[in-house]
Amino acid sequence: MQPTPVILLKEGTDSSQGIPQLVSNINACQVIAEAVRTTLGPRGMDKLMVDARGKATISNDGATILKLLDVVHPAAKTLVDIARSQDAEVGDGTTSVTLLAAEFLRQLKPFVEESLHPQTIIRAFRTATNLAVSKIKEIAVSVKKDDKQEQRQLLEKCAATALNSKLIAGQKEFFSKMVVDAVMSLDELLSLKMIGIKKVQGGALEDSQLVSGVAFKKTFSYAGFEMQPKRYENPKIALLNVELELKAEKDNAEVRVKSVEEYQAIVDAEWNILYDKLEKIYQSGAKVVLSKLPIGDVATQYFADRDLFCAGRVQEEDLKRTMMACGGSIQTSVGALTEDVLGLCEVFEEVQVGGERYNFFKGCPKAKTCTIILRGGAEQFTEETERSLHDAIMIVRRAIKVSWNGRAALPFTPPCIPSGSPKATPPSVATEGGPWNAEILLRSPQNVHV
C-alpha cells in the first residue's frame with residue numbers, strides 16, 4: 001500500500017530547481033544589469049524614470065535606478081541588495097558592482113549548463129577573491145597623515161573621480177573642493193548627519209555655497225517678524241517644543257458663564273498663561289527662540305519689542321542638528337530655561353539666498369557641522385546634484401577612515417582593448433575547478449562609454 005503524501009507547501013506554490021532554474025536566475029540578473037549598463041562611466045547616460053504617482057526622477061546612480069525599479073524576481077533582487085549595500089557602506093560604485101556581479105554570472109553560465117557543480121564554481125571564486133585582495137594590498141600606497149596638503153590633494157582627487165560620471169561632472173573641481181571642506185570640518189566621528197544639504201531653485205551651480213555651521217530655510221512668520229533683529233553675536237539659543245499662541249477651542253466646546261465678569265476672567269487667564277511663558281523665555285536671556293510648534297502673532301510682536309528673534313514650525317531635523325551643534329536641549333516647557341539648556345553660537349544671521357531667506361548659525365562650539373546650499377534650475381536637476389554630492393561625501397569619508405590606518409588603495413583599471421585590435425589572451429587562474437579566465441576584468445572597461 002502506497003503511503004499518503006505529506007504536503008509541506010500551501011496549495012498553488014510553485015517550486016523549481018536544478019540547472020534550468022539556475023540558468024533562469026542568471027538570465028534574470030542579466031536583465032537587471034542591462035537596465036543600468038549604459039549609465040556606467042564618464043560618458044554614461046542618465047535615466048528618466050516615472051513612478052506610479054507620476055513623479056519623474058533623472059539619475060545615473062545605480063542604487064537609485066534599481067531602487068525605483070519594481071523587481072519581482074527573487075534572484076534579481078539580490079543585485080538590488082548588492083547595490084544598496086554598496087551605497088550604504090561605500091557610497092559610490094553601485095553600478096560597477098551590479099555589472100561586475102552580472103558579468104561573473106554570465107561567465108559561469110556555460111559551466112552551469114555543462115553540469116559543473118556549484119560548489120566547485122564557488123571554490124574558484126574564492127581563490128580569485130584571495131588573489132584580487134592580494135593584488136589590492138600590493139598596489140596600495142601609504143598616505144602621510146602629517147602632510148595635510150598631500151592628504152587634501154588625494155581627497156580632492158577621490159571626490160572628483162566620484163563626480164566624474166555624474167550630471168555635475170563639468171563642475172567637479174568646484175564641488176570636489178566644497179565636499180572636502182565639508183568633510184574636513186567635521187569631528188573625528190565623521191557623522192554624516194552633521195552635513196546638511198539644502199536646495200534652493202534658481203541661479204547657477206557655481207552659486208552654491210558651503211556654510212560653516214547650521215543653516216535652514218526661514219519658517220512661516222506673522223506680522224511683527226520684520227521688526228526683529230536679523231543678526232546677533234554670541235547669542236543664547238532656546239530650543240523649544242512649545243506652542244506659543246492662543247489655542248482655539250475644540251469643536252463643540254461649551255463654556256457656560258453667568259456674567260460678563262466670569263467670561264472676562266476666562267479670557268484674561270488665557271492671556272496670562274501665554275504672557276507668563278513669554279516672560280520666562282525673555283528672562284532666561286535667550287536672544288534666538290526656535291520652536292517645533294507654531295509661534296503666534298502675539299508672541300512674535302512680543303519678542304520683536306524686546307529685540308529677540310523667533311522662528312516657529314522649525315523642522316525636527318533642523319532643530320536636532322542645531323541642538324547637536326550649538327548645545328543645549330529641546331525643552332517641552334519654559335519653566336526650567338537655565339544656562340545649561342540654552343545653546344550658543346558665535347554668529348546668528350538671516351541671509352537672503354536666491355528667492356528664499358535662510359537662518360545661519362556659525363561658530364557652533366559643541367560639534368563641528370556644516371551646511372551645503374545647492375543652487376540650480378529644475379527640481380530634478382538639484383535632486384540629482386544632491387545625490388551626486390552624497391556619493392562624493394561618502395567616498396571622502398571612506399578615504400579619511402582608510403588613511404587613518406596608514407594605507408589607501410588606489411583604483412586599478414585594466415587597460416582597454418581598442419576596437420579592431422586582436423584580443424589578448426587573458427591570464428588564467430588555476431583553481432580546483434579548472435582554468436578560470438580573467439576575461440571579466442578585460443571586458444569591464446569595454447562597457448564604459450568613452
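All of these numbers come straight from a predicted model, not from anything done at the bench. Computed over heavy atoms, backbone and side chain alike; hydrogens, waters and symmetry mates excluded.
The pair Asp181-Arg152 counts as a salt bridge, with a side-chain nitrogen and a carboxylate oxygen less than 4.0 angstrom apart. Under the 4.0 Å criterion applied to side-chain N and carboxylate O atoms, Glu383 and Lys199 are not assigned as salt-bridge partners. Between Glu349 and Lys362 there is a salt bridge, since at least one side-chain N of the basic residue sits less than 4.0 Å from a carboxylate O of the acidic one. In summary, Lys218 and Glu350 do not engage in a salt bridge, as defined by a charged side-chain N under 4.0 Å from a carboxylate O. Salt bridge annotation for Arg321-Glu317: absent, with no cationic side-chain nitrogen under 4.0 angstrom from a carboxylate oxygen. Under 4.0 Å is where a charged nitrogen must lie from a carboxylate oxygen, and between Arg398 and Glu89 at least one such pair does.
Residues Leu374 and Thr382 have side chains not in contact (no heavy-atom distance under 4.5 Å, counting atoms from C-beta outward). With contacts defined as side-chain heavy-atom distances shorter than 4.5 Å, the pair Asn241/Leu293 qualifies. Counting heavy atoms from C-beta on, the side chains of Val80 and Lys67 never come closer than 4.5 Å. With contacts defined as side-chain heavy-atom distances shorter than 4.5 Å, the pair Leu68/Ile65 does not qualify. Under the 4.5 Å side-chain criterion, counting only non-hydrogen atoms from C-beta, Phe361 is in contact with Ile237. Side-chain atoms of Phe174 and Ile168, non-hydrogen and from C-beta on, never get closer than 4.5 Å to each other. With contacts defined as side-chain heavy-atom distances shorter than 4.5 Å, the pair Glu384/Ile58 does not qualify. Contact check for Val314 versus Leu239: no side-chain heavy atoms found under the 4.5 Å cut-off.
Here the side chain of Ser134 pairs a donor or acceptor atom with the backbone of Asn130 at under 3.5 angstrom. For the pair Thr129 (side chain) and Phe125 (backbone), a donor-acceptor distance under 3.5 Å is present. Distance alone, capped at 3.5 Å, is enough to place a donor-acceptor pair between the Thr371 side chain and the Gly213 backbone. Looking only at distances, no side-chain donor or acceptor of Glu245 sits under 3.5 Å from a matching main-chain atom of Ala299. Without hydrogens or angle criteria, Thr369 side chain to Met194 main chain gives a donor-acceptor distance under 3.5 Å. Remark: side-chain polar atoms of Thr78 are paired, donor with acceptor, to backbone N or O of Ala75 under 3.5 angstrom. Arg387 contributes no side-chain N or O that, together with a main-chain N or O of Asp61, makes up a donor-acceptor pair within less than 3.5 Å. At least one donor-acceptor pair closer than 3.5 Å links the side chain of Thr219 to the backbone N or O of Gly312.
Distance check, rounded to the nearest 0.5 Å: CG of Leu186 to CD1 of Ile400 gives 8.0 Å. Taking CG of Leu131 as the reference point, atom CD of Glu138 lies at 11.0 Å (rounded to 0.5 Å). Atoms CZ and CG, from Arg43 and Asn164 in turn, are 8.0 Å apart once rounded to the nearest 0.5 Å. Interatomic distance, CE of Met394 versus CD1 of Ile195, reported as 10.5 Å (0.5 Å rounding). The structure places CD1 of Ile393 at 9.0 Å from CD of Glu386, a figure rounded to the nearest 0.5 Å. Going from atom CG of Leu155 over to atom CE of Met184 covers 6.5 Å, rounded to the nearest 0.5 Å.
Atom NZ of Lys230 sits in a crowded spot, with more than 12 heavy atoms from other residues, nucleotides or ligands closer than 6.0 Å. More than 12 heavy atoms of other residues, nucleotides or ligands sit less than 6.0 Å from atom CD of Glu150. Glu233 CD: 12 or fewer foreign heavy atoms inside a 6.0 Å radius. Atom CD of Glu206 is surrounded by more than 12 heavy atoms from other residues, nucleotides or ligands within 6.0 Å. By the neighbour-count criterion of 12 heavy atoms within 6.0 Å, atom CE of Met324 is sparsely surrounded, having that number or fewer from other residues, nucleotides or ligands.
When all heavy atoms of Ala204 and Arg375 are compared, the closest pair comes out as O-CB, 3.3 Å. Considering every non-hydrogen atom in both Ala76 and Val71, the closest pair reads CB-CG1, 3.7 Å. When all heavy atoms of Cys326 and Cys364 are compared, the closest pair comes out as SG-SG, 3.7 Å. The minimum heavy-atom distance between Met323 and Ser329, with the atom names listed, is SD-CA, 3.8 Å. The minimum heavy-atom distance linking Ile19 with Glu113 is given by the pair CG2-CA, 4.4 Å. Closest approach of Ser176 to Leu163, counting heavy atoms only: N-CD1, 4.0 Å.
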I'd like to know whether Thr57 forms a side-chain contact (heavy atoms from CB on, under 4.5 Å) with Asp51, so could you lay out the CA-CA distance, the side-chain angles of the two residues, the decisive distance to 0.1 Å, and finally the verdict.
CA-CA 8 Å; Thr57 303; Asp51 58 13; 6.0 Å; no

Show your working on side-chain contact (heavy atoms from CB on, under 4.5 Å) between Val36 and Lys47 and close with a plain yes or no.
CA-CA 9 Å; Val36 296; Lys47 299 290 185 182; over 6 Å; no

Start with the C-alpha gap between Asn359 and Phe216, add the side-chain angles, then the distance that decides, and say whether side-chain contact (heavy atoms from CB on, under 4.5 Å) holds.
CA-CA 6 Å; Asn359 300 325; Phe216 55 85; 3.5 Å; yes

Mind running side-chain contact (heavy atoms from CB on, under 4.5 Å) on Leu40 and Ser165 for me, showing each step along the way?
CA-CA 7 Å; Leu40 181 66; Ser165 61; over 6 Å; no

Lys109 and Asn27: CA distance, side-chain angles, deciding distance, side-chain hydrogen bond (donor to acceptor under 3.5 Å, both in side chains) verdict:
CA-CA 9 Å; Lys109 182 178 177 182; Asn27 293 335; 2.8 Å; yes

Given Glu173 and Lys177, is the salt bridge (charged side-chain N to carboxylate O under 4.0 Å, His left out) satisfied, shown in steps?
CA-CA 6 Å; Glu173 294 183 1; Lys177 295 180 181 179; over 6 Å; no

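Evaluated for a salt bridge (charged side-chain N to carboxylate O under 4.0 Å, His left out) with Asp318, the options Lys217, Lys292, Lys198 yield exactly one hit, Lys198. Exactly one residue among Thr64, Thr94, Asp92 makes a side chain to side chain contact (heavy atoms under 4.5 Å, CB included) with Asp87. That residue is Thr94.
A distance below 6.0 Å separates the ring centres of Phe309 and Phe348.
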